[in-house]
Amino acid sequence: MVARMGQWTVFTILIALLPLAAMAAPRCVEDDVGREVCLEHPAQRIVGLSPGAVELLFSAGAGEQVVGAVGFSDEPPAARKVPRVGSYKRLDLEAILALKPDLVIAWRSGNPAGQTEQLERLGLTVYYSEPVRFEMIGTTLERFARLAGTEQLGKPVAEQFRAGIDALRQRHGDAKPITVFYQVWEEPLMTVNDRHLISEAIRLCGGVNVFGELPALTPRIGREAVLGADPEVIIAGGMGEDNPAWLDPWREFGSLTAVRRDNLFFVPPSTLQRPTPRMLEGTRRLCKHLEQARARR
């Protein structure tokens with residue numbers, strides 16, 4: 001009886017130690033440029049080099065480990081208290097190094113390549129993030145949670161996001177096509193092509209991006225091009241979450257179908273222009289606006 005009890009005691013101890021062993025094992029994931037990123041232990045000091053990356057880290061349950069962020073990292077509100085390390089276009093390398101991060105999340109197309117490469121040369125572990133499809137948002141959440149040791153928090157968020165997107169696809173899968181111009185910036189006037197994540201949201205809602213075939217991801221265009229395309233709907237992000245001022249200049253062009261039908265809509269930019277779980281909220285709003293526009297035909 002004593003021997004059996006001893007065996008069970010050893011077995012119980014081994015079971016209890018399994019989570020600790022898992023935590024101590026190397027954590028490896030593939031980043032969005034196809035490189036393997038490995039950490040010997042869950043990251044405890046993380047720096048995010050884009051507002052979207054910072055928001056994704058918080059969504060993955062790793063907010064307490066974020067010790068540095070770039071300007072405009074304002075979601076969730078707790079992110080506003082994180083020390084700044086420059087802007088995403090111009091990083092403060094000294095500030096980053098002073099924070100002694102064990103993981104840096106870089107924005108592949110947004111951060112200066114020379115600066116992120118220098119961080120690597122200085123020995124920092126850099127994960128390059130570039131979610132360009134809805135599925136990649138869920139995958140990124142799971143990868144960040146893996147690197148930070150917060151899988152129990154990040155996995156449900158990823159699953160909830162995927163379920164919400166799937167529900168929208170089912171609801172709007174048979175929607176009649178409607179032409180859309182999405183304004184991502186005012187001066188210079190900019191939009192997105194069909195390779196951009198925003199265009200996936202437009203397609204999901206049954207929209208057709210009138211500038212989808214342009215070669216640049218975020219092409220500059222002229223107002224004459226918009227007038228020539230004559231979209232049924234104009235969606236603008238604006239300079240702030242509650243500032244639809246970019247729509248006002250279009251009202252001067254009464255010949256535009258979108259203006260005649262009053263199909264000028266505002267969607268808070270951070271809900272569509274950042275690859276985070278809040279894109280579900282932005283896409284729901286977008287789909288609602290396109291439904292309104294179809295009803296006005």
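In what follows, every heavy atom counts, from backbone to side chain, and hydrogens, waters and symmetry copies are set aside. These numbers come from a predicted model, not from an experiment.
- No option in Arg278, Glu281, Glu55, Glu75 other than Arg278 meets the side-chain hydrogen bond (donor to acceptor under 3.5 Å, both in side chains) test with Ser270.
- Side-chain contact check for Leu272 versus Tyr182: some heavy-atom pair is nearer than 4.5 Å.
- Side-chain atoms of Val54 and Phe58, non-hydrogen and from C-beta on, do get closer than 4.5 Å to each other.
- Clustering ILVMFWY residues whenever any of their side-chain heavy atoms sit less than 4.5 angstrom apart, transitively, puts Leu290 in the very cluster that holds Leu197.
- Taking the centre of each ring, Phe72 and Tyr88 stay at or above the 6.0 Å mark.
- Using a 4.5 Å cut-off on side-chain heavy atoms (C-beta onward), Glu120 and Tyr128 make contact.
- Cation-pi geometry between Arg220 and Trp185 is not satisfied (NZ or CZ under 6.0 Å from the ring centre, within 45° of the ring normal).
- Residues Arg223 and Glu252 are not paired through a salt bridge, judged by the lack of any N-O separation under 4.0 Å between the basic side chain and the carboxylate.
- In this structure, Met279 and Glu200 have side chains that are not in contact, with every pair of non-hydrogen atoms separated by 4.5 Å or more.
- Counting heavy atoms from C-beta outward, Pro268 and Arg285 have side chains that approach closer than 4.5 Å.
- Checked by atom type and distance alone, the side chain of Asp102 pairs as donor or acceptor with a backbone atom of Arg45 at under 3.5 Å.
- For the residue pair Ser199/Asn209, the side-chain donor-acceptor check at 3.5 Å is satisfied.
- Between His289 and Phe265, the two ring planes are parallel [angle under 30°; tilted spans 30° to 60°].
- Contact of the Thr125 side chain with the Leu147 side chain is not registered, since no non-hydrogen atoms from C-beta on lie closer than 4.5 Å.
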